[in-house]
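Beneath this line is the structure, given in structure tokens, with notes to follow.
Every heavy atom of this structure was used, including side-chain atoms; hydrogens, water molecules and symmetry mates were not. Numbers restart at 1 for each chain; the letters A, B, ... are given by sequence-line order, proteins then strands.
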There are 2 protein chains.
Amino acid sequence: MLTERQLLVLQIIIDDFIETAHPVGSRALSKKGSIPYSAATIRNDMADLEDMGFLEKTHSSSGRIPSEKGYRYYVDHLIAPLSSEQNIRIIRNIMKEGIYEFEQIVQMSAEVLSELTNYTSIILGPELSETKLKQLEILPLSTHTAVAILVTDTGHVEHRSFTVPGKIDLSDLEKVVNILNDRLKGVPIIRLEEVFQKEIVGLLKRYIDDFGSSQHYLQAIISQSNPVKVYIGGKSNILMQPEFNDVDKIRSFYSMIENENEIANLLKSKKDGIGVSIGNENKVEAIKDLSLITATYQLGKDQMGTIALLGPTRMEYKKVISLLSSLSKELSEALYKWYKTSE
Amino acid sequence: MLTERQLLVLQIIIDDFIETAHPVGSRALSKKGSIPYSAATIRNDMADLEDMGFLEKTHSSSGRIPSEKGYRYYVDHLIAPLSSEQNIRIIRNIMKEGIYEFEQIVQMSAEVLSELTNYTSIILGPELSETKLKQLEILPLSTHTAVAILVTDTGHVEHRSFTVPGKIDLSDLEKVVNILNDRLKGVPIIRLEEVFQKEIVGLLKRYIDDFGSSQHYLQAIISQSNPVKVYIGGKSNILMQPEFNDVDKIRSFYSMIENENEIANLLKSKKDGIGVSIGNENKVEAIKDLSLITATYQLGKDQMGTIALLGPTRMEYKKVISLLSSLSKELSEALYKWYKTSE
DNA sequence: GTTAGCACTCGTATCATTTGAGTGCTAATA
DNA sequence: TATTAGCACTCAAATGATACGAGTGCTAAC
């Protein structure tokens with residue numbers, strides 16, 4: 001369907017445009033020597049490629065720029081995964097310090113990723129669906145206040161302080177904590193509230209004198225919204241890209257990127273492996289002129305997190321894809337080592 | 001030194017410029033009716049005010065805009081603190097939900113503050129100098145990994161996971177945790193490391209068989225850098241201001257605002273009460289054309305945090321100052337109630 | 001002391017013109 | 001038949017002239 005030469009032309013145009021962000025003209029291409037045909041020949045192919053929807057013009061006598069369909073074809077057929085010894089070296093460098101803390105390493109990865117690409121990186125922590133409660137503690141801080149701490153088997157810690165009207169009865173508190181731990185340890189985080197309601201409320205009512213007044217607080221602790229953690233790196237790096245030379249674009253980008261929920265939803269639905277969404281392929285309005293590359297990483301058996309890069313549709317797909325797939329592999333490995341003895 | 005009329009002119013010009021962001025001309029002022037003098041008279045006063053350095057021109061035949069000296073005078077002499085029933089109502093609304101968590105309330109305050117003003121708000125958590133250790137826990141997650149949790153008397157929780165090469169000996173761990181709690185409870189956070197070195201290392205060496213190999217990990221837990229928490233609200237709200245219509249300005253603003261350390265340093269040195277730094281009065285290069293209004297709030301006896309708003313020098317000083325002072329008062333009160341029983 | 005009047009300044013908006021990189025099409029060439 | 005050269009045409013962006021308007025400073029009159 002596409003001749004050899006047309007493929008070549010398409011490829012060169014996209015490469016060129018990715019590099020320069022300027023429309024690519026036939027004459028300039030021919031002169032640059034990366035293709036041994038005359039401007040006229042290239043022009044013919046360009047016209048064909050435009051008819052087929054792979055290229056576009058910004059105005060009637062401009063050079064060509066890739067269409068989204070063009071990028072899609074490019075990503076699907078024209079890029080060979082880069083051998084990425086260099087990437088791996090960089091990534092190993094992040095990892096080698098020894099994982100002191102999962103969150104730290106993720107944060108750092110996000111920053112490096114963005115630094116390396118000048119796009120904005122987003123990392124989603126693992127979904128909590130399979131995470132289980134390891135331990136629950138409630139420490140009294142004073143007569144009326146206490147802090148509840150919730151630890152999962154992945155080492156994730158959540159805490160919440162609260163204040164109660166009456167005095168805290170220390171022996172009651174101990175009883176409550178014991179019962180809670182007894183019944184809730186090993187229960188998946190997302191089922192905590194359900195189990196609490198079904199199995200524990202009744203139990204506590206029998207054992208604790210004035211349980212009614214405390215139920216509300218306990219419930220708040222247990223059912224705390226457990227959003228997936230979102231790490232974003234280099235929000236301002238993306239401003240280096242020429243497509244963000246427009247103040248309005250910056251505004252809408254930032255008001256999107258600051259809404260973590262939206263971002264989490266954006267990424268949550270991604271399936272395994274590398275995913276590429278170009279421009280309007282994205283369902284979220286605010287990034288319909290950006291591209292999103294996602295990769296997943298494994299944590300334990302069933303848990304999964306997502307790494308992503310958000311940049312202009314004119315993105316260095318080759319580099320980004322290889323970088324993300326390296327990183328996701330390394331991350332999975334490091335986390336495997338870290339958690340393998342947990343089960 | 002300044003005539004009544006000159007004061008009036010200065011005041012009106014600044015008010016007008018704050019509102020519109022456009023240079024103010026004599027004719028327009030006179031016509032608007034807010035001052036009962038002719039354009040010529042106003043012009044004379046304007047010229048005098050310019051000679052004295054309170055006003056500036058953007059070019060030889062433009063209207064006047066306030067100079068930094070002008071803003072300074074305005075802030076120091078021309079604004080009467082707004083009676084802020086409305087502010088207080090808004091703020092009370094934030095507070096009344098009941099403080100479930102200090103951090104949550106601070107975060108929320110920051111956002112509301114920014115929403116109300118369209119500037120960027122910054123809140124510094126309390127300095128930890130006077131905060132004391134309430135409890136230290138180390139929970140094993142698996143044979144090689146554990147998570148350490150550190151709770152302060154203010155209900156602040158820090159945690160850190162780590163992995164050790166050898167197996168974790170549970171009875172040793174218990175001993176260690178007991179010794180640590182025994183010796184470190186009530187010790188100010190900033191002195192933790194010192195006390196650990198002086199009093200505990202020796203002790204542990206005697207009690208624990210293979211203490212040498214674990215010392216490193218314990219140390220890491222205890223001496224974790226305890227930076228002051230920074231909450232920033234409405235990073236993108238400030239883009240609404242017309243002075244941010246320039247992409248380069250946005251770039252430099254964002255690369256500053258994303259460096260939390262720099263911001264923490266910027267605010268840490270502020271003394272009690274309300275502080276106003278206008279333009280070049282700021283020592284940090286990146287905000288030399290912005291104004292920073294700070295207020296402090298109290299937490300307990302000696303601890304102090306800072307609330308700030310960062311906006312263009314053309315800032316609604318009146319509104320911002322009253323808003324900040326109301327909020328700092330409310331925050332201090334709320335925190336007082338919250339922590340009063342702690343000691 | 002205040003104001004009216006007037007010449008002057010300068011940024012901004014508008015419009016015509018030029019320039020240059022690009023295109024499509026046709027005819028010549030290999 | 002596939003490629004290339006040539007040419008007329010298009011359009012964005014840069015340049016420059018012009019008009020406009022909001023502003024100023026200064027002087028003289030009130």
Side-chain angles (χ1 to χ4, degrees), chain A residues 1-10 12-14 16-17 19-67 70 242-243 245-246, chain B residues 1-10 12-17 19-67 70 242-243 245-247:
Chain A
M1 169 183 178
L2 282 174
T3 70
E4 277 299 306
R5 197 181 55 216
Q6 283 170 337
L7 283 180
L8 185 62
V9 169
L10 182 58
I12 292 179
I13 288 178
I14 298 186
D16 205 75
F17 184 72
E19 195 184 329
T20 66
H22 294 302
V24 185
S26 60
R27 217 182 101 83
L29 253 199
S30 166
K31 269 199 175 167
K32 238 187 51 180
S34 41
I35 186 169
Y37 295 96
S38 76
T41 309
I42 295 172
R43 266 206 294 286
N44 291 331
D45 285 341
M46 279 175 160
D48 292 345
L49 287 165
E50 186 177 354
D51 287 344
M52 288 183 273
F54 294 117
L55 295 180
E56 284 172 356
K57 285 191 276 196
T58 59
H59 59 88
S60 75
S61 74
S62 77
R64 301 303 206 290
I65 63 172
S67 68
E243 19 279 279
N245 255 340
D246 171 25
Chain B
M1 172 180 173
L2 281 174
T3 71
E4 277 301 307
R5 198 180 56 215
Q6 283 171 338
L7 284 180
L8 185 62
V9 170
L10 181 59
I12 292 179
I13 289 178
I14 298 185
D15 282 340
D16 204 77
F17 184 71
E19 194 184 329
T20 66
H22 293 303
V24 185
S26 57
R27 215 180 102 83
L29 253 198
S30 165
K31 269 201 175 166
K32 235 187 53 182
S34 40
I35 186 169
Y37 294 96
S38 76
T41 310
I42 296 172
R43 266 207 291 286
N44 290 331
D45 284 341
M46 280 175 157
D48 291 345
L49 287 165
E50 186 178 355
D51 287 344
M52 288 184 274
F54 294 116
L55 296 178
E56 284 174 356
K57 285 191 276 196
T58 60
H59 59 86
S60 76
S61 73
S62 77
R64 303 302 208 288
I65 63 172
S67 68
E243 18 281 277
N245 255 340
D246 171 25
V247 179

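- Side-chain atoms of R43(A) come within donor-acceptor range of the base of dG24(C), with a qualifying N/O pair under 3.5 Å.
- Here dT3(C) presents its C1' atom at 11 Å from CD1 of I42(B), a figure rounded to the nearest Å.
- Looking at the side chain of N44(B), the nearest of the listed nucleotides dG22(C), dT3(C), dC11(D) is dT3(C).
- Remark: of the listed residues I13(A), T3(A), I35(A), I35(A) is the sole one forming a side chain to side chain contact (heavy atoms under 4.5 Å, CB included) with L8(A).
- For A47(B), whose side chain is taken as the heavy atoms from C-beta onward, the closest listed nucleotide among dG22(C), dT3(D), dG25(D) is dG25(D).
- Where E50(B) and A39(A) meet DNA chain D, the nucleotide closest to each residue was compared, and A39(A) sits on the side nearer the 5' end.
- Using a 4.0 Å heavy-atom distance criterion, A28(A) is classed as a sugar-phosphate-only contact.
- Between L29(A) atom CG and dT4(D) atom C1' there is a gap of 16 Å when expressed in whole angstrom units.
- Side-chain N/O atoms of R64(A) include one lying less than 4.0 angstrom from OP1 or OP2 on dT23(C).
- Atoms CD (Q6(A)) and C1' (dA2(D)) sit 13 Å apart, rounded to a whole Å.
- Close to dG11(C), at under 4.0 Å from its OP1 or OP2, lies no side-chain N or O of T58(B).
- Going from atom CZ of R64(B) over to atom CG of D45(B) covers 10.5 Å, rounded to the nearest 0.5 Å.
- For dT3(C), one of the phosphate oxygens OP1 or OP2 lies less than 4.0 angstrom from a side-chain nitrogen or oxygen of S38(B).
- Note on S60(B): every side-chain N or O is 4.0 Å or more away from OP1 and OP2 of dT24(D).
- No donor-acceptor distance shorter than 3.5 angstrom exists from the side chain of T41(B) to the backbone of Y37(B), with no hydrogens or angles considered.
- Distance CG (D48(B)) to C1' (dT24(D)): 14 Å, rounded to an integer number of Å.
- Between A40(B) and H59(B), the one whose closest nucleotide on DNA chain C sits nearer the 5' end is A40(B).
- Side-chain atoms of S67(B) come within 3.5 Å of backbone N or O of G53(B) as a donor-acceptor pair.
- Taking the side chain of S61(A) as heavy atoms from C-beta on, and the options dG24(C), dC11(D), dT4(D), the nearest nucleotide is dC11(D).
- Put simply, NE2 on H22(B) is 22 Å from P on dC10(C), counting in whole angstrom units.
- Counting only distance, with no hydrogens or angles, the side chain of S30(A) and the backbone of S26(A) share no donor-acceptor pair below 3.5 Å.
- Backbone-only contact: S62(A) has heavy atoms under 4.0 Å from sugar-phosphate atoms and none from a base.
- Look at CZ on R27(B): it is 16 Å from C1' on dC8(C), rounded to the nearest Å.
- When distances run from any side-chain atom of K57(B) to the nucleotides dT23(C), dT24(D), dC10(C), the shortest one goes to dT24(D).
- With dT23(C), dC10(C), dT3(D) as the candidates, the nucleotide lying closest to the side chain of R5(A) is dT3(D).
- Atom CD of E56(A) is separated from atom P of dT23(C) by 15 Å (rounded to the nearest Å).
- In this structure, Y37(B) atom OH and dA4(C) atom C1' are separated by 17 Å, rounded to whole Å.
- Under the side chain to side chain contact (heavy atoms under 4.5 Å, CB included) test applied with V24(B), the options L29(B), I14(B), I12(B) reduce to a single match, L29(B).
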